[in-house]
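For reference, the structure is listed below as structure tokens.
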Amino acid sequence: MKHLSRIKSPGDLARFSQEELTELAAEIRSFLIEKVSKSGGHLGPNLGIVELSIALHRVFESPQDVMVYDTGHQSYVHKILTGRAAGFEKLRQRGGIAGYPSRAESEHDVIENSHASTALSWADGIARGFALQNQSDRTVVAVVGDGALTGGMSWEALNNIAASDDLKLVIVVNDNERSYSPTIGGVATYLSTLRATKGYEKFLDWGKQVLEKTPVVGNPIYETLHGMKKGIKDIVAPQGMFEDLGLKYLGPVDGHDIPALERALIQAKKFSGPVLVHAITEKGRGHAPALNDEAEKFHAVGVLDPETGEPLSNNGATWTRVFSEALVEIGRERKDVVAITAAMLGPTGLDRFQAEFPERTFDVGIAEQHAVTSAAGMAFTGLHPVVAVYSTFLNRAFDQLLLDVGLHKAGVTFVLDRAGITGDDGPSHHGIWDLALTGIIPNAFVAAPRDAARLKESLAEAVAISDAPSIIRFPKGAIGKDLPAFERRGGLDVLYRGESSDILVVSIGAMAPLAIDAAAQAFREGVGVTVIDPLWVKPLPADSLLAMAPRFRRVVVLEDGIKHGGIASTLSELFRENGLDMPIHSIGVPLEFIQHSKRAEILQDIGITSQSISRQLVGWASLNVKQEGMQLAADENADRKPLH
């Protein structure tokens, strides 16, 4: 790594010859393959943006010129070029660098949010701020993946950027035809057409279909795409669409040709208004295993063999796989069930459903708001959509969930993968908000299954709900053994019975194994703990809880969402409204942005381990002033029987 060791800051690149830059690009790719294979992370996108990142940092002067990324998973090379190569020894781990830009790491980083389609709005605001403060010597550069252009927020930003012809703003479209999986939709088709034109050749085959599918935002693009301002036959150059928006268009440019990229970027920097540079890159470039991965091009990988690209560990059954297989079974029985996702067929497990039912599977691109409202429309026609997204990405479509699905009593099922603490990817990937958010939708049904059996059962029950939204949430990763209940009563599964009536633990979803372990440890300290699992956490089985809770001295709720507005809050309100005066304690996620670390480390920090929970249970039990009689024999927990 003779060249990489010379990089301490972006300014060092000015001393490299073109031949050395080519060698540096190769070294960076080798470095990325070595480091990301050890830690996991976004390998494919960064292998594809090496030359583009080098050219950007040679033409622009960060941090004087501000660079923002959409999304930040393509910022690894940017981090290397800004002097952070050493941090890759612990990429996405505690004490190492984050998998996304981080202001705490470097003055070169701005946007920490990992959600797509936001950078153009950030860039618009920063450029306007510079203009108002007479900082005309500063340029804002937005590096936007073509997948991010499938999100409506990008087009809202473009419509506003185009209305200001004096903003020092350069938009670089990193066009690799992919977000997670291949980019789809009208914009993707348009960019694909530009790739085929090789500059300024005509593209008469663009066609009416592209126009109909492309997002319509604002009057300029509306007139262009619908032929009101100029007919299709007059759009004869690839810059037509963007220049009719008011943007200068440069490209397409080979995204792996550093001199060509530099020429285009220098020209863009000199221009007095917004400019779009269209760079064609290859996701996974330089690494055969990534290029051979047709589905995702190693978009995000776990720990793997750097030579073969094969995973080094097999986690066995996962929550995602159990859901995926269960949905296919339901799809075989019910032809009205359709599947929707937002550019994440593989990560959410919908790829299996698509393989068997391609005509009933819809990938809308990075457009969660559209996905949810489109699902409401499908439900109106008698279909039952299943929308599968990561928990964190449902945040983007909350208004649509509340008012398009909830208000209209649409029978739509939402499956939220990666709920709870996710760990490696940092604060904007944790799925800790959904229980609080879905809890305020008046007619929503929310389930948090504890194991594979309950996941299958919950999914079957959810798709049977035809007049309200239903939500199922589960965590990332491997799924443990099924946890049979002693008894099911009134919407509650009793998982563990304490010897005395000290504490009732209401365990939410995948927290059940921890709750049972903690109860067993508390028993050894003389504290009787009973653990129950609500089949649906919204609405809670009120009658059963109101009947059961008074038998205990205290109630503890264990959940992996934020405590503020979570299940403990809901239960406390239920007790208060019914005049039940008893202590309720909450063990959950604090209301804060939690930085990247391993999931186990974060759970240790916030006290969600069996040992910590047990200590808290024993501590709360010590506050009791009286003892109650035996409830059940202590050894009953050793003989667990399935319900069915």
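These numbers come from a predicted model, not from an experiment.
Taking 4.5 Å as the limit, every side-chain heavy atom of Leu169 sits out of range of all side-chain heavy atoms of Val275. By the 4.5 Å heavy-atom criterion applied to side chains, Leu402 and Leu407 are not counted as neighbours. Taking 4.5 Å as the limit, every side-chain heavy atom of Ser569 sits out of range of all side-chain heavy atoms of His564.
With 3.5 Å as the limit, one finds no donor-acceptor pair spanning the side chains of Thr422 and His429. Asp175 and His278 are linked by a side-chain donor-acceptor pair at a separation below 3.5 angstrom, with hydrogens and angles left out of the test. A donor-acceptor contact closer than 3.5 angstrom links the side chains of Asn174 and Thr281.
With hydrogens and angles disregarded, no donor-acceptor distance shorter than 3.5 Å links the side chain of Ser586 to the backbone of Lys563. Here the side chain of Glu105 pairs no donor or acceptor atom with the backbone of Ser102 at under 3.5 angstrom. A donor-acceptor pair under 3.5 Å links the side-chain atoms of Asp363 to the main chain of Ala343, judged by distance alone. A donor-acceptor pair under 3.5 Å is formed between the side chain of Lys79 and the backbone N or O of Tyr100.
The structure places OG1 of Thr392 at 8.0 Å from CG of Asn113, a figure rounded to the nearest 0.5 Å. Rounding to the nearest 0.5 Å gives a distance of 7.5 Å between CG of Asp424 and CD of Gln93. Atom CG of Leu535 sits about 7.0 Å away from atom CD of Glu461, to the nearest 0.5 Å. The distance from the CG atom of Leu459 to the CZ atom of Phe323 is 6.0 Å, given to the nearest 0.5 Å. Taking CD1 of Ile171 as the reference point, atom CG of Leu149 lies at 8.5 Å (rounded to 0.5 Å). Put simply, CE on Met344 and CD1 on Ile366 are 9.0 Å apart, with the number rounded to the nearest 0.5 Å.
Here the closest heavy-atom approach between residue Asp560 and residue Ile432 is recorded as O-CG2, 3.9 Å. What you find for Lys168 and Thr139 is that their closest heavy atoms are CE-OG1, 3.5 Å.
Considering His42, His596, Arg92 in turn, Arg92 is the only one that fulfils the side-chain hydrogen bond (donor to acceptor under 3.5 Å, both in side chains) rule with Asp425. Evaluated for a side-chain contact (heavy atoms from CB on, under 4.5 Å) with His78, the options Ile49, Asp109, Val143, Asn46 yield exactly one hit, Asp109. Across Arg396, Lys538, Arg473, a single residue satisfies salt bridge (Lys or Arg N to Asp or Glu O under 4.0 Å) together with Asp434, and that is Arg473.
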What pairs of donor and acceptor atoms, side-chain ones from residues 408-419 against any protein atom, are under 3.5 angstrom apart with sequence neighbours left out?
residue: His408; atom: ND1; partner: Leu403; partner atom: O; Å: 2.9
residue: His408; atom: ND1; partner: Asp404; partner atom: O; Å: 3.2
residue: Thr413; atom: OG1; partner: His384; partner atom: NE2; Å: 2.7
residue: Thr413; atom: OG1; partner: Ala462; partner atom: O; Å: 3.4
residue: Thr413; atom: OG1; partner: Ser470; partner atom: OG; Å: 2.8
residue: Asp417; atom: OD2; partner: Thr320; partner atom: OG1; Å: 2.6
residue: Arg418; atom: NE; partner: Tyr390; partner atom: OH; Å: 3.4
residue: Arg418; atom: NH1; partner: Thr320; partner atom: OG1; Å: 3.4
residue: Arg418; atom: NH1; partner: Pro347; partner atom: O; Å: 3.4
residue: Arg418; atom: NH2; partner: Tyr390; partner atom: OH; Å: 3.1

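Taking the salt bridge (charged side-chain N to carboxylate O under 4.0 Å, His left out) definition, one finds that Arg103 meets it with nothing, sequence neighbours left out.
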Next item on the list: Verify side-chain hydrogen bond (donor to acceptor under 3.5 Å, both in side chains) between Arg450 and Ser507, making sure each step is shown before the conclusion.
Entry: CA-CA 9 Å; Arg450 67 179 178 269; Ser507 172; over 6 Å; no
